[in-house]
Student: 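Sharing a structure with you now.
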Amino acid sequence: MSNIWAYEMLLPRSVRSDDVLRARVLAERRGYQPLNPVDGVVRVTTLDGSDSGDYATVAEAEAALAVGGGNLQIWKGDVNLSLIVHPSRRESVDPAIDPAPEGWSRVTITADGSFFRDEALRAAVAADMWELFVNMCEQLGVAYGFSRDEDVVELFWEEQQRLRATVLAGGKPPLLFWLNYFQRAHFPWLDERMFSRAGGWVSSFPEGMLVSVFDVPWEVDLTVLQEVNRRWQGAELS
């Protein structure tokens, strides 16, 4: 089991404090809140992990995230997820692992893979992350989103190097992840039949399409995902 599962969302603009507020409200609807259950503070860690700051109010933390980015832990009992904001000014982010085009921003939800070991807990965490991902994509104006782990990053490294340019242009990405979100306004070529022929299935939402290859992250089979991408790379835009 990989250590971290990431659900990444790319906004074609700078992230704003109201985006962080909306993301936090969506998390609260799933039972997650930003107060650390041990010491009762709202804590934001810098993107490089070198420092952290405590905030008296959630609103102050949200404003700080929108300006400088960072990692806000959100809690539901013993489960904690990370809500990570990468603003469009991203000097501290390694460009080799950041697919966001220049001027865009990124919001990511991550979970430790240990939450996927216990059957009941992993089902609950996966359901929460799926709902958060879909709702944030729809409500934040996300152009493109996907889920990946370390194994997928390593296996499809070359394809990910071409991801930024194709996403910026609204073209056909060189890679299908196990879970993908495409905003209709940004990708006018979207065609459910293309994804079906590659081996994915589509869930339709008001603003975009969610394309799945597997139902849950622990079912991801890299051999199957490679075959799906072989067919996807051969698919022509209609």
Side-chain angles (χ1 to χ4, degrees), residues 1-15 46-49 69-71 82 84-111 113 129 133 136-137 140-191 194-195 197-200 208-214 217 220-237:
M1 177 65 64
S2 296
N3 290 328
I4 299 295
W5 285 93
Y7 293 67
E8 306 205 24
M9 294 157 278
L10 308 186
L11 284 70
R13 55 174 173 78
S14 296
V15 67
T46 56
L47 289 173
D48 61 8
N71 178 350
S82 289
I84 306 170
V85 176
H86 295 261
S88 55
R89 183 174 52 81
R90 304 182 306 273
E91 290 89 343
S92 62
V93 180
D94 182 351
I97 60 171
D98 180 14
E102 186 67 28
W104 289 39
S105 53
R106 179 158 58 104
V107 177
T108 305
I109 312 165
T110 68
M129 296 190 77
F133 177 70
M136 288 183 188
C137 284
L140 300 185
V142 169
Y144 176 63
F146 56 93
S147 179
R148 63 179 173 180
D149 71 338
E150 293 95 325
D151 292 336
V152 169
V153 169
E154 182 177 354
L155 182 63
F156 295 102
W157 183 259
E158 181 180 339
E159 290 84 355
Q160 287 171 95
Q161 305 316 296
R162 306 195 306 272
L163 191 60
R164 181 188 286 108
T166 53
V167 167
L168 176 62
K172 175 174 167 279
L175 172 64
L176 281 183
F177 295 88
W178 80 269
L179 185 67
N180 314 262
Y181 176 86
F182 297 89
Q183 184 191 66
R184 291 189 181 88
H186 189 71
F187 298 98
W189 52 265
L190 288 176
D191 182 352
M194 282 184 62
F195 300 114
R197 288 194 293 268
M209 287 184 177
L210 188 74
V211 180
S212 308
V213 181
F214 298 93
V220 173
D221 183 318
L222 294 178
T223 301
V224 173
L225 196 57
Q226 279 183 303
E227 175 58 23
V228 166
N229 275 285
R230 186 191 65 78
R231 294 196 294 266
W232 172 247
Q233 290 161 12
E236 297 292 336
L237 294 179

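Just so you know, residue 1 is the first one in the sequence shown, and it goes up from there. Remember, it's a predicted structure, so these values are computed and weren't measured experimentally.
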Student: Is L168 close to R164 at the side-chain level, that is, under 4.5 Å between some pair of heavy atoms?
Tutor: no
Student: Just to verify, what does F214 make a ring pair (Phe, Tyr, Trp, His ring centres under 6.0 Å) with, not counting sequence neighbours?
Tutor: none
Student: Is there a donor-acceptor pair closer than 3.5 Å between any side-chain N or O of Q233 and the backbone N or O of L175?
Tutor: no
Student: Looking only at atom types and distance, does a side-chain atom of N229 sit under 3.5 Å from a main-chain N or O of L176, one as donor and one as acceptor?
Tutor: yes
Student: To the nearest 0.5 Å, how far apart are CG in L11 and CE in M9?
Tutor: 8.5 Å
Student: Measure across T166 and L163 and return the closest heavy-atom pair with its distance rounded to 0.1 Å.
Tutor: OG1-O, 3.0 Å
Student: Hey, could you give me the CG/CZ distance between L179 and R148, rounded to the nearest 0.5 Å?
Tutor: 13.5 Å
Student: Keeping to residues at least two apart or across chains, list the side chain to side chain donor-acceptor pair (under 3.5 Å) pairs with something in residues 173-185.
Tutor: E138-Y181, S147-W178, R184-S204
Student: Would you check, one step at a time, whether the test side chain to side chain contact (heavy atoms under 4.5 Å, CB included) holds for M136 with V142?
Tutor: CA-CA 8 Å; M136 288 183 188; V142 169; 5.6 Å; no
Student: Rounded to the nearest 0.5 Å, how far apart are CD of Q226 and CG of L155?
Tutor: 4.5 Å
Student: How are the rings of F187 and W189 set relative to one another: parallel (under 30°), tilted (30 to 60°) or perpendicular (over 60°)?
Tutor: perpendicular
Student: Looking at S105 and R13, would you say the former's side chain and the latter's main chain have a donor-acceptor pair under 3.5 Å?
Tutor: yes
Student: Using every non-hydrogen atom in the two residues, find where K172 and A235 come nearest and quote the distance to one decimal.
Tutor: CE-O, 3.4 Å
Student: Just by distance, do the side chain of Q160 and the backbone of V153 share a donor-acceptor pair under 3.5 Å?
Tutor: yes
Student: Among T108, T110, I84, which residue satisfies the side chain to side chain contact (heavy atoms under 4.5 Å, CB included) criterion with N71?
Tutor: I84
Student: Among F146, Y144, W5, exactly one meets ring pair (Phe, Tyr, Trp, His ring centres under 6.0 Å) together with F177. Which residue is that?
Tutor: F146
Student: If every non-hydrogen atom of P188 is compared with every non-hydrogen atom of A185, which pair is closest and at what distance?
Tutor: CD-O, 4.5 Å
Student: Can you tell me how far OG of S14 sits from CH2 of W104, rounded to the nearest 0.5 angstrom?
Tutor: 12.5 Å
Student: Going from CG on D191 to CE on M209, what distance comes out if it is rounded to the nearest 0.5 angstrom?
Tutor: 7.0 Å
Student: Could you tell me whether a side-chain N or O of H186 sits under 3.5 Å from a main-chain N or O of V167, the two making a donor and an acceptor?
Tutor: yes
Student: How about S88 and V15: do any of their side-chain heavy atoms sit closer than 4.5 Å?
Tutor: no
Student: Flag the pair P217 / Y7 as yes when at least one side-chain heavy-atom distance between them is below 4.5 Å, and no otherwise.
Tutor: yes
Student: Can you see which heavy atom on P174 is nearest to which on R162, and at what distance?
Tutor: CB-NH2, 3.3 Å
Student: Taking the side chain as everything from C-beta on, heavy atoms only, tell me whether F156 gets closer than 4.5 Å to L225.
Tutor: yes
Student: If you compare all heavy atoms of F182 against all heavy atoms of P173, which two are closest, and at what distance to 0.1 Å?
Tutor: CE2-CG, 3.7 Å
Student: Once side-chain hydrogen bond (donor to acceptor under 3.5 Å, both in side chains) is applied, do any residues pair with R230, and if so which ones, sequence neighbours excluded?
Tutor: E227
